Every structure is written in structure tokens, then in C-alpha cells.
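None of the values given here were measured: they were computed from a predicted structure.
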Amino acid sequence: MTVSAPTLSPDQADAWDALAETFGAAGIDLIAEEVQPPQPGKGRVMAVIGKAGSGKTLLLSQITKALRGAGVEVVSGDYEGRRRKDRRSVAILAPTNKAAFVLRMRGVPATTIHRILYTPVYDPEYEKLAEWLTGAGDRPAVEGMTDVALDRAKAFFDQHASIPGALAAAGLRGSDFIRGWKRREDALDVGLIDEASMLDEKQFEDLREIFPILILFGDPAQLAPVGQSGEMVFEKLAASQRLVLNRIHRQADDSPILDLAHALADDSLTFDGFESMIRAAARKDDRVVWAERVESDLMARSPVLVWRNATRIRLIHAFRAAYGAPGDALLPGEPLICDGLELPLKHRKKRIDLEARGLIKGAQVVYLGPGRQPGFSRLHVIGAEDPRLSAASIVKIELPDEEEPFIPYAARMGATFLHGAAVTIHKSQGSQWPEVQVFGPDISAAAWSNRSEAGIPLWKRLTYVAITRAQERLLWVTKSRLARPTAPLGTADLDAPVADLALAAEEE
């Protein structure tokens, strides 16, 4: 049985045809739904490039469906079937947990680049269960597991396609079926990389080593990685490797946020003119808000986006003061940003375990409370597939006009964190939130600086990235004021682990 390509706009259809030709040359026929064993020396890199609203995610989703329909297996971050010579596989990756989470919410089975660089070492009983759940094996008989538990696992997997979630629904914990993690040694097959504007040269080369067929999806109007002079990795590809999408066909919801984002392409637009556009949009549509103060209630889960570090620090200090946070401890519900792992080489196994579970640099985390040992914290990693864990923590909260940060928790080594109530626009890339607050005075300062990046005024690049982080509602904050919170901080809004999945053992 053959299938036709999905209904797409002309530019998407052209991109689809070019990608289908690339896959066909590598032995994957999307139209006939046939695959051939992989052949050496068939590598290719392509890029799908377009601004917000141009349909990159739709095309990524449709390509994923077509690959799966042709018999290409999805490689997830939690399980890989046994390797076969004729097996074709695809991994859908994003640079951050939040970006991968956004894709999963849209039905695309994505995981992080970091997660795919490390592979789990499975318990043999887990392999039997995983192969059965994925349709590659018979229903197993597992000691200590009833038929009811197996049925519960199968029902969960059929609905959510998550093996850890399915096994948690059957009453297992992560430590029951994953013995450890190791660096990937074998190459994979097809890689679809979202948010490719965030990739630096090193990550790009790592991905090229792993994936013979690499498709990048990126936005040329975003901010380039630090140290790359405003140039994204896909901009160095040949013209024949770059597939450009336009935006005009993607306005079914008539989004005022996208209208504002694309208005920034007008060379004659000034900062004052742009703020006038925001005020006009706010009068007509409640998805845009002209706000005279920062909403502290939103900061707990959706950070205020700023340009300057000094602004970030002042807003964080004001947020903590508004909630009555003590000077020597964190409140449950306070947001954090992982700033890396400070672990010596002898603890490499623990580092890999934490990174594979989502605790990577830039990860958004919510503090749940102290751990069972001094210096440990219970944490919820936003966007991670198994979000609850416990880790030795070094929490740094910078203070206005102070060189040294306040450190409420300081293990000798472990995961380091900064406060996450406010985040720089550079670090917000790859994330989206339902509601986003952009601190307008900082954008104004960037405009007054007359700085440019890759020939584009810096304030326009900052504004474009900041406002396109908003999925549903944009609040443009115009004054340095903070509204009082309407309720205490808490953690009830966070999804609990499936079947009360236990925390990682903190004594390891």
C-alpha cells in the first residue's frame, strides 16, 4: 500500500520532495513505504530553515510519520532494540529538555541530543519487557510481576509510547531496570535535529559522526551560539542543502505574536515604532498585554526574559523578597537553572546518570525540598521524561551589587544551580512557555546601544527570540515594578511521577 505526501504549502512541498529524494538515495522510500539496509558512504546533511510560524515543526512531524510508516524505527532516549543489519532508525533530537518536551507535546517522539549520546545499560528482564512493549518480542513471564501489572504497562505504552513510564505504571522503579549509562560507541542512522540555531561547531561535528543522514531544522533570525559571530552552523551549508520555508501560509490562528515577530524584518522599523505596534496589538487582542509591572506569579514557572545580567539579578532578588524566601534556604517551588555538574572523574558514572536523566547545563528545574543527606536537594526537571530526582546541589543566588553569590545549599561537589525566576534571552532559546514576560526596558537599552549582530540591530534579534518564546500570550513589561504574588509558592502544579515513581537513590 502506498501513501501520498501530506497536504503542504508550496515551499513545504518543495522541502518535502528534496528530503524524500535524500532519504530515497539512502534506501528509505517514503512514498512506497519501503526500506533497504543502510549502505556505507551515503552520508548527507540538509537543513530546513524558516522563521517562527513557517511550518518547520509541521514538516518535522510529517517527516517523522512518513519515516515510521516506511518501517524506520524511532530511537528514543529510554530504549533501543537489538541491532540488526537491515534495521533503519531515526532519532528526533533537541538541544534542551524543554525543546524536546515541546515537540513531545505536539506528538513528535523527541529526546535531547545529550540523552542520545549516552545509552542505558539494561537489566535482561527489562530488555524482555521493552521488546514486548515495542512489538519486537513475545509477552514475557517476569518473576514478581502479575498479568495485571503487565497489562497496565502495555496500556500505558500504547497511549504514551514511553517505556520508563510503562514500567513505572507496572510498579517498577528506574533503578530496577537501568543498571547504568555508557557513552555511545556505535553510529546511528537518521537524525532530525530541532532548534539547530543553538548548535555550536563541536555539537554539529559530534552529530555528523553519529548520523550519516542529518536533517537540521532551524530559525535564522534567532541568536547564534556565543563565540560564533552571529553565524549558525546551517548557514555554512551549500545552497542546495538549505531548504527555505516562508511564513505566509501559517496564519490559521491569526497570531498577533507572530505578526509582531515578523514585523521586525522591516529595516525601517524603530524601537519606538515597534512598541507602538505592541500597544496597538494589545488593544485588539488579549494575547498581547502592555504590562506596567512584572507578574511575580508567572515568574515561578515562566522566567522573565531580560538582556542584562544586572537586570536578571535584581528581578530574582525582588521575586524572593516578594515571596518571603528566607536568607538561608530555598522555598519548595522556587525555580532553578542548572549551571553544570561539578563532579571529579571518579564519579563519571554518576555524572552520566544525572545528565542522561535531563540534569544538563541549562535545564530548568524546580526545587522540591531538601534531600535525606546534607547538601542534597529533591528536584523536578522541567521537560524531562522522568522528572523527579535527588542530587547533591550547589545553589548560587546572585545578589545586587555583591560580587559573591548567596549559597543556601553547598555540597562539596554535585550539580550547580542559578536561580531561574529571570533568565537572559540568550539562555531562553530552545524553550517555550504558554505565557512569557519580556522586560521592555532592557530591550530599550539594547536599542540605545546601537549594537548589531550579523548586520541586524541587536534589539531586533533579542526581541524576536524573546517574543517567539510565547506559545499563547505575550506580556511586554514597560516599567521596573513587581506585582505582589497572589498565592504562596508551591509544587502542586507539577505532574507527579507515574505510579509514584521513586526518587533516584541519593546515597550512590
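In this structure, Phe23 and Ile63 have side chains that are in contact, with non-hydrogen atoms separated by less than 4.5 Å. Leu192 places none of its side-chain heavy atoms less than 4.5 Å from the side chain of Val108. The closest side-chain heavy-atom distance from Glu73 to Arg87 is below 4.5 Å. Within the 4.5 Å cutoff, the side chain of Leu19 has heavy atoms near those of the Ile215 side chain.
Listed by chain and number, the residues in a side-chain contact (heavy atoms from CB on, under 4.5 Å) with Thr416 are Asp339, Glu342, Ile394 (sequence neighbours excluded). By the side-chain hydrogen bond (donor to acceptor under 3.5 Å, both in side chains) test, Trp132 is found to be paired with no residue, residues two or more places apart in sequence or in another chain being considered. Partners of Asp29 according to the salt bridge (charged side-chain N to carboxylate O under 4.0 Å, His left out) rule, which considers only residues two or more places apart in sequence or in another chain, do not exist here. Tyr323 is linked by a ring-ring contact (aromatic ring centres under 6.0 Å, His included) to Phe319, counting only residues two or more places apart in sequence or in another chain. Applying the side-chain contact (heavy atoms from CB on, under 4.5 Å) rule to Gln203 yields the partners Leu199, Asp200; only residues at least two apart in sequence or on another chain are considered. Taking the salt bridge (charged side-chain N to carboxylate O under 4.0 Å, His left out) definition, one finds that Glu295 meets it with nothing, sequence neighbours left out. The side-chain hydrogen bond (donor to acceptor under 3.5 Å, both in side chains) search around Lys427 returns none, not counting sequence neighbours. Partners of Arg152 under the salt bridge (charged side-chain N to carboxylate O under 4.0 Å, His left out) rule, at least two apart in sequence or in another chain, do not exist in this structure. With sequence neighbours excluded, the residues forming a side-chain contact (heavy atoms from CB on, under 4.5 Å) with Thr96 are Lys98, Ala99, Met198, listed by chain and number. Judged as a side-chain contact (heavy atoms from CB on, under 4.5 Å), and not counting sequence neighbours, the contacts of Asp147 are Arg139, Leu150. Qualifying side-chain hydrogen bond (donor to acceptor under 3.5 Å, both in side chains) partners for Glu334, counting only residues two or more places apart in sequence or in other chains: Arg320, His419.
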Distance-only donor-acceptor hits, side chain of residues 466-474, under 3.5 Å, sequence neighbours excluded:
residue : atom : partner : partner atom : Å
Thr468  : OG1  : Tyr464  : O            : 2.7
Thr468  : OG1  : Val465  : O            : 3.2
Arg469  : NE   : Val465  : O            : 2.8
Arg469  : NH1  : Ser431  : O            : 3.1
Arg473  : NH1  : Glu435  : OE2          : 2.4

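Atom CD of Glu21 sits in a sparse spot, with 12 or fewer heavy atoms from other residues, nucleotides or ligands closer than 6.0 Å.
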